[in-house]
Amino acid sequence: MKFEFHSITMTQPLVILYSALLLSMSSCAPKQAATTPVQPETTAPQTAATPAETSEAKPLMTGASQIQKYLPMLKGKRVGLVVNQTSTIENTHLVDSLVSLGVKIHTIFAPEHGFRGDADAGAQIKDSKDIKTGLPIISLYGKNKKPLPEQIQNLDILVFDIQDVGTRFYTYISTMHYVMEACAENNKPLLILDRPNPNGHYVDGPVLEPEYKSFVGMHPIPIVHGLTVGELANMINGEKWLEGQHKCDVTVIPVANYTHQTAYDLPVKPSPNLPNAQAIALYPSICFFEGTTVSVGRGTPTPFQVIGSPYYKYKDFSFVPVSTPGATDPPFKGQRCYGKDLTDPSTAQPFTLAYLLDMYQNSTNQDKFFNSFFEKLAGTATLREQVKAGKTETEIRASWEPALSKYKSLRKQYLLYPDFE
């Protein structure tokens, strides 16, 4: 598999673009949200591109960066934004960009980790105000996961612009689901500004079984789903996964010059404990440990790049979790954990069960290795039993069929970008 590397750039400085847009908007009437996505500008994947050809590739542009495509939809409207720290255009937050363009932002909705993305995983997020703009911020994490009718009744349109990492248990896509549901129930259009999926170059893992549906797994999709949020939104609509089989009026602004073979290094960390590309690549394989007695390195300088436990047999590598920003009370705080250092890039292979199998097989506390959260992350009760029974990764993978192959065929129907196969 070959990757094409791109960075986020714009074809002209933002200030020039803003000025041109402001002049042009005086003669543009706002457009109603469409039910089909705006067509992306894509570069077909190359099978044998030379370095020169790669360097001449058109620059990748996120949906948010293509302001001229969606500003007419927002002008003169009362707008709600579902955003966090990843919602940027180059180095400027989307909120600040839209305010500078005269867009009337009414409310900001924030997902897990909060508007600034600095809260611990699972931490209660309270409603507040943005210090810079004074805009109200409503938390969509905790008891209020879905916007209430009274919270969106005065809005004309909602905008979702949050960077995902391409795994079923990353909760930003669950927030998107609930936002879609609220929009559908209250006849509000939703604009999705699409972003690349850093794990979008493959599909893998068990498909979630309905009885294990939760906020860390809301859809019958595999752990690595291989979709951008825009593509997933279209799947949610098309497969009628919203409550009551409602359909949300969604418009997607696709990423320009992107394919599912495009390697993408996030410019802003998507959450406090996914600080770099290595952690994001390992995340699908080691998030399982959140449902076990194994630390994923929260409270260390390398979260999701080391794994360890006081109960691991081998002592050649260790770390001690401490209180850090974004992990104020990490598992095994102050205790020495033994395990593996996964900071070397060679360890960031596509999704694997190797780490899970090794940590279980070499645990001195196997009877307490798993907790009840594991099934929610796995999306099935079978995986725990297979690990305990000593099944190999090959044997376990065979059990994911035919559900995984069926999903792969379904996925093809909703792609907005050239695929990896």
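- The heavy-atom pair separating I396 from L357 by the smallest distance is CD1-CD2, 4.2 Å.
- Judged purely by atom type and a 3.5 angstrom limit, D358 has no side-chain atom pairing as donor or acceptor with the backbone of A354.
- Within the 3.5 Å criterion, the main-chain N or O of L101 finds a donor-acceptor partner in the side chain of K75.
- For the residue pair D344 and Q278, the shortest heavy atom distance occurs at O-NE2, 2.8 Å.
- Side chain of Q66 to backbone of T62: a donor-acceptor contact under 3.5 angstrom is found.
- Taking the side chain as every heavy atom from C-beta outward, F351 and T167 never approach each other to under 4.5 Å.
- In this structure, R168 contributes its side chain and A378 its backbone to a donor-acceptor pair below 3.5 Å.
- Nearest heavy atoms, D194 versus P254: CB-CA, 4.0 Å.
- Residues E290 and N371 share a closest heavy-atom pair of O-ND2, 4.0 Å.
- For Q349 (side chain) and L282 (main-chain N/O), no donor-acceptor pair under 3.5 Å exists by modelled atom type.
- Minimum interatomic distance between P59 and N257 (heavy atoms only, all atoms of both residues): O-ND2, 2.7 Å.
- There is a side-chain donor-acceptor pair under 3.5 Å between D130 and T133.
- Here the closest non-hydrogen pair linking S309 and T293 is OG-O, 3.1 Å.
- Expressed to the nearest 0.5 Å, how far CZ of F319 lies from SG of C337 amounts to 4.5 Å.
- In this structure, the ring of F288 has its center less than 6.0 angstrom from the ring center of F374.
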Let me see the working for I105 and V99 under side chain to side chain contact (heavy atoms under 4.5 Å, CB included), right down to the final yes or no.
CA-CA 7 Å; I105 300 173; V99 168; 3.8 Å; yes
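- Residues H219 and H225 form no side-chain contact, since every pair of their non-hydrogen atoms from C-beta on lies 4.5 Å or further apart.
- In this model, no donor atom of one side chain and acceptor atom of the other lie less than 3.5 Å apart for Y283 and N273.
- Partners of K412 under the salt bridge (charged side-chain N to carboxylate O under 4.0 Å, His left out) rule, at least two apart in sequence or in another chain, are D419, E421.
- For the pair K340 and F317, the NZ or CZ position fails the cation-pi test of under 6.0 Å to the six-membered ring centre and within 45 degrees of the ring normal.
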Residue pair T88, Q163: steps toward the side chain to side chain donor-acceptor pair (under 3.5 Å) verdict:
CA-CA 10 Å; T88 60; Q163 177 66 59; over 6 Å; no
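- Screening I236, I192, L191 for a side chain to side chain contact (heavy atoms under 4.5 Å, CB included) involving V250 leaves a single residue, I192.
- Panel note: side chain N144, backbone L140; no donor-acceptor pair is recorded below 3.5 Å.
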Would T343 and Q305 count as a side chain to side chain donor-acceptor pair (under 3.5 Å) here? Give the steps.
CA-CA 5 Å; T343 57; Q305 298 154 83; over 6 Å; no
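- A salt bridge between D204 and R397 is present, with a side-chain N of the basic residue lying under 4.0 Å from a carboxylate O of the acidic one.
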Verdict with supporting geometry, N197 and T228, side chain to side chain donor-acceptor pair (under 3.5 Å)
CA-CA 5 Å; N197 177 355; T228 65; over 6 Å; no
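- Rounded to the nearest 0.5 angstrom, H260 NE2 and Y417 OH are separated by 7.5 Å.
- By the 4.5 Å heavy-atom criterion applied to side chains, I221 and M235 are counted as neighbours.
- In this structure, Q151 CD and L158 CG are separated by 10.5 Å, a value rounded to the nearest 0.5 Å.
- For the pair H93 (side chain) and N84 (backbone), a donor-acceptor distance under 3.5 Å is present.
- No salt bridge links R195 with D164; every basic N to acidic carboxylate O contact stays at or beyond 4.0 Å.
- The closest side-chain heavy-atom distance from I223 to L208 is not below 4.5 Å.
- L81 places a side-chain heavy atom less than 4.5 Å from the side chain of L98.
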Using side chain to side chain donor-acceptor pair (under 3.5 Å), reason through Q386 and T382 one step at a time and then give a plain yes or no.
CA-CA 6 Å; Q386 291 170 323; T382 305; 5.8 Å; no
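- For the atom pair I253 CD1 and D161 CG, the distance stands at 11.0 Å (nearest 0.5 Å).
- With sequence neighbours left out, K376 forms a salt bridge (charged side-chain N to carboxylate O under 4.0 Å, His left out) with no residue at all.
- Here Y264 and Y258 keep their ring centres 6.0 angstrom or further from each other.
- Put simply, CD1 on I173 and CZ on F215 are 10.0 Å apart, with the number rounded to the nearest 0.5 Å.
- Here CD of E243 is found 8.5 Å from OH of Y178. Values are rounded to the nearest 0.5 Å.
- Residues T107 and I138 meet the side-chain proximity criterion, which asks for heavy atoms closer than 4.5 Å.
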Decide side chain to side chain contact (heavy atoms under 4.5 Å, CB included) for M176 and V179; before the verdict, give the C-alpha distance in whole Å, the side-chain angles of both, and the deciding distance to 0.1 Å.
CA-CA 5 Å; M176 181 180 72; V179 170; 5.6 Å; no
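- Side chains of F160 and L193 form no contact here, defined as non-hydrogen atoms less than 4.5 Å apart.
- Judged purely by distance below 3.5 Å, without hydrogens or angles, the side chains of Y172 and S271 never pair a donor atom with an acceptor atom.
- Side-chain polar atoms of T392 and T394 form no donor-acceptor pair below 3.5 angstrom.
- Using a 4.0 Å cut-off between charged nitrogen and carboxylate oxygen, E385 and K391 do not count as a salt-bridge pair.
- Partner D156 forms a side chain to side chain donor-acceptor pair (under 3.5 Å) with one of K188, H106, K104, R78 and no other, that one being R78.
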Go through it in stages, so that I can follow the logic: the residues are N237 and M180, the test is side chain to side chain contact (heavy atoms under 4.5 Å, CB included), and I'd like the CA-CA distance, side-chain angles, deciding distance and then a yes or no.
CA-CA 9 Å; N237 255 346; M180 290 178 65; 3.9 Å; yes
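- Between V252 and N234 there is a side-chain heavy-atom pair separated by less than 4.5 Å.
- For the residue pair S174/E112, the side-chain donor-acceptor check at 3.5 Å is not satisfied.
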Kindly indicate, with the supporting measurements, whether the criterion side chain to side chain contact (heavy atoms under 4.5 Å, CB included) is fulfilled by L190 and T251.
CA-CA 6 Å; L190 175 65; T251 299; over 6 Å; no
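- The backbone N or O of F289 sits less than 3.5 Å from a side-chain atom of T292, completing a donor-acceptor pair.
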